[in-house]
**Student:** 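This is the structure I have questions about; it appears just below.
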There are 2 protein chains.
Amino acid sequence: MSTIYDVARRAGVSPKTVSRVLNSDGPVGEKTREAVEAAMRELGYVRSNAARMMRAQKSGIIGLITGAISTKNQPSTQQGLPDLYIVQGIQRALESSGMTVMIADTAGRNDRVPHLIDTFLSHRVEGLIHVAEYHQEVNLPRLPDDTPLVLANCFDAHGTPSVVPDDRRLQRDLVRRLIAAGHRRIAYLSLRPDMVAGRLRPQGYREALEEAGLPFDPALLQHVDFDQFEIGPQLLWDTIDRMLHLDQPPTVICSGNDQMAMMVYGILRSMGRKMPDEIGVAGFDNYRAIAETLYPPLTTVDLPYNAIGVRAGERLMQLISGVGRDDHSPVLVAGPVHWRGSVTELRPENVISFKTLREEKQ
Amino acid sequence: MSTIYDVARRAGVSPKTVSRVLNSDGPVGEKTREAVEAAMRELGYVRSNAARMMRAQKSGIIGLITGAISTKNQPSTQQGLPDLYIVQGIQRALESSGMTVMIADTAGRNDRVPHLIDTFLSHRVEGLIHVAEYHQEVNLPRLPDDTPLVLANCFDAHGTPSVVPDDRRLQRDLVRRLIAAGHRRIAYLSLRPDMVAGRLRPQGYREALEEAGLPFDPALLQHVDFDQFEIGPQLLWDTIDRMLHLDQPPTVICSGNDQMAMMVYGILRSMGRKMPDEIGVAGFDNYRAIAETLYPPLTTVDLPYNAIGVRAGERLMQLISGVGRDDHSPVLVAGPVHWRGSVTELRPENVISFKTLREEKQ
DNA sequence: CGATGTCATGACACCGATGTCATGCCCCTG
DNA sequence: CAGGGGCATGACATCGGTGTCATGACATCG
């Protein structure tokens, strides 16, 4: 690969002049510039970043650590791997600043993290982002003070800048919408409480009930470890069965995420319950491959992974430029409710037309 | 960040000696080594790759171009974004060689590719891999001869080394298994024929029929543009409806991928057909979030994205070390059939017990 | 017409690591 | 005790850009 010296020789100028052309630095004569540009083209010259970096003491590189679960999934609640969306968002936020992204995956082994960080440091990354598979608490080794770190889809106990989904608010928004549609008995099938989302989302659910003055019925809020092999579906079946046989059964079932909602679809159908007329189902994530493909399409709320990535990228750029270095508050990201066919509108005016419809059918 | 000179000064030795310790190069006295190591620890020294690269003329960096569709999906047949699995596989294959991975996403704009390549070249990547969202033909700008390129999940017309799924064989294996289970009337709902998978998979289907001596019935092979908004589900419904009303309706429906299979589930249920007893459904991809969560769990075949990544990484390392530079044949990757509950075994001995079961039920 | 300023360009040093070659020391051997 | 060989170490140049400063050629102005 040719160097700036090769270009200089070919164009009959000094390397410094070539550098000036490259960077539109100092003044360069019109003819000289053309000669240099021609030489660069002929040689297929591409500037070496390594040399540039040394001089400038800036790499223009950002390091990304993704904490993907290994193929043998241990916690495995999400298999759709939202990482990618986050990573895409980060790249979108960074491209305008001309940063290049390096990526390294822990491949499920947290003990590899220090080594990954060292590799990144040896490339003199200007910042690091740790991307988690699902909303969780993490604990990364300390970094040099001059290398900022942002946590995306995770947080730690040391106040490291983080960008996380606003699970509480998202769930609250969705349940609000259900209430606005006329639903009063709303069941909630939560993820395991040892997961962050298994704690925050139920909170949002209860908040929405509370502000609407609806009573909270403990029988309608259950944590289900739905994705455990064999047992998961059985637990889910049993939980739903109990709920449907309550004196006042729910008119809609909120699921901890879209994947669980998909399972709920199958179970309700096997029980002979028609959706959405007899019972509604709502999800969480807007995992489009599922939510849009299911029939009826799933009402859910958008867990905006892309936006989390964008915000994380933006936050990192701020930190690099020295802005908000002592702001330790996490950035919460929310998204819209997607109202699709899996839940009926039960508002008074609609209840009538709804009944009418049913009568017409019969 | 401290340099090798800082370490040398602190340890009272020359930079070259520090370098020797770093690389376990020439001989170093026991006491000197310890002094140097102590100095490195105290300063938190991390070697600068930029300087190293310059001297060594080797970057240890691989560039990855991912061609993710933008959020506004135009072709959009897959939304599960298998890229990530491929990228993970690549990383796994590369980590043993100590390569670091740079990544850049086209964000759906192919015109950005030349720029991305230039960025990578300026970092003097030792090789490039282009990762496609789905099996397709691509056309990348020419690279310098000394920078090898591997295409993952895609191929081009110039014989660039590529690693792609063996769609034909995968589909054949799955249909073989269906035939072995006793099925004779097998429907195939294919992806659009303008997609590679929409051509190769039907071929595999026909091959399996042929080798089993089963007649090919054109009425049972239909291309369905299932993921088009609104119209998709209608087309799918109509196609299935026609098939089920044939004189000899199919006993199992093979879908172009798992997502389509999920839609087929919903449609069959809305038609009141019981699965798998009355009709079986098979998928393609082993998109686990779907295949394992559906009820009944989906019989499908594993499109091994991870393995594609690993093979692509391996192939690239070969090319870098100069092996197989003139081998232009694509690497085909296959995977196992996952037999789950969505298809019944109809083999003679089972057909009886199956009938018995039905009679018992009634 | 000489002083001053601007423009175009180049010489040189430097960033941090490492390959090459030289140096000094100690130990062993004849 | 002189000479040879291995060991530990350092001086120096180099990789490819770019910041700093210097230089020479003109143009402008009082």
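The analysis underlying the following values was restricted to heavy atoms, covering all of them including side chains, and did not include hydrogens, waters or symmetry mates.
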**Student:** Quick one: A/N49 CG to D/dG16 C1', roughly how many Å, whole number?
**Tutor:** 11 Å
**Student:** Considering only side-chain heavy atoms of B/T17, which listed nucleotide, D/dG10, C/dA8, D/dC15, is closest?
**Tutor:** D/dG10
**Student:** Side chains of B/P161 and B/D327: does their closest heavy-atom pair fall under 4.5 Å?
**Tutor:** no
**Student:** Whole-Å distance between C/dC15 C1' and B/M54 CE?
**Tutor:**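 Distance, rounded to whole Å: 8 Å.
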**Student:** Reading DNA chain D 5' to 3', how would its secondary structure be written in dot-bracket notation, given Watson-Crick and G-U pairs with both distances under 3.5 Å, brackets [ ] for crossing pairs and | for partners on other strands?
**Tutor:** ||||||||||||||||||||||||||||||
**Student:** What is the separation between atom CZ on B/R9 and atom C1' on C/dG16, rounded to the nearest whole Å?
**Tutor:**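 Computing the B/R9:CZ to C/dG16:C1' distance gives 13 Å.
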**Student:** From CZ of A/R124 over to C1' of C/dC15, roughly how many Å is that when rounded to an integer?
**Tutor:**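 In whole Å, C/dC15 C1' lies 11 Å from A/R124 CZ.
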**Student:** Would you say B/S48 reaches C/dG16's phosphate, i.e. side-chain N/O to OP1/OP2 under 4.0 Å?
**Tutor:** no
**Student:** Report yes or no: does A/N153 contribute a side-chain atom to a donor-acceptor pair with the main-chain N or O of A/V131 at less than 3.5 Å?
**Tutor:** no
**Student:** Under 4.5 Å between any side-chain heavy atoms of A/R20 and A/V36, yes or no?
**Tutor:** no
**Student:** With a cut-off of less than 4.0 Å, is there a side-chain N or O of A/T32 near OP1 or OP2 of C/dT9?
**Tutor:**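 So the side chain of A/T32 is within the cut-off, an N or O lying under 4.0 Å from OP1 or OP2 of C/dT9.
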**Student:** Walk me through whether B/R124 and A/V46 qualify under side chain to side chain contact (heavy atoms under 4.5 Å, CB included).
**Tutor:** CA-CA 9 Å; B/R124 298 292 187 268; A/V46 180; 4.1 Å; yes
**Student:** I need the NE2-P distance between A/H123 and C/dA17, as an integer number of Å.
**Tutor:**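 Result: 13 Å.
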**Student:** Pick from A/I86, A/L116, A/V101, A/V125: which one makes a side chain to side chain contact (heavy atoms under 4.5 Å, CB included) with A/L64?
**Tutor:**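 The passing option is A/V101.
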**Student:** Against B/F155, only a single residue in B/H130, B/H135, B/H328 fulfils ring-ring contact (aromatic ring centres under 6.0 Å, His included); can you say which?
**Tutor:**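 Single ring-ring contact (aromatic ring centres under 6.0 Å, His included) partner of B/F155 among B/H130, B/H135, B/H328: B/H135.
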**Student:** Tell me whether the OP1 or OP2 atom of C/dG16 has a side-chain N or O from A/Q57 closer than 4.0 Å.
**Tutor:** yes
**Student:** Look at the rings of B/Y85 and B/Y305 and say which category their plane angle falls in: under 30° parallel, 30 to 60° tilted, over 60° perpendicular.
**Tutor:**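 Aromatic pair B/Y85/B/Y305 classed parallel.
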**Student:** At under 4.0 Å between heavy atoms, which parts of nucleotides 18-26 of chain C does protein reach? Answer with one letter per nucleotide, 5' to 3': B base, S sugar-phosphate only, - none.
**Tutor:** BBB------
**Student:** Are any of the side-chain nitrogens in A/R311 or A/E314 under 4.0 Å away from the carboxylate oxygens of its partner?
**Tutor:**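 Result for this pair is yes, salt bridge flagged.
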**Student:** Write down the distance between NZ (A/K58) and P (D/dT18), rounded to a whole number of angstrom.
**Tutor:**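 Distance, rounded to whole Å: 13 Å.
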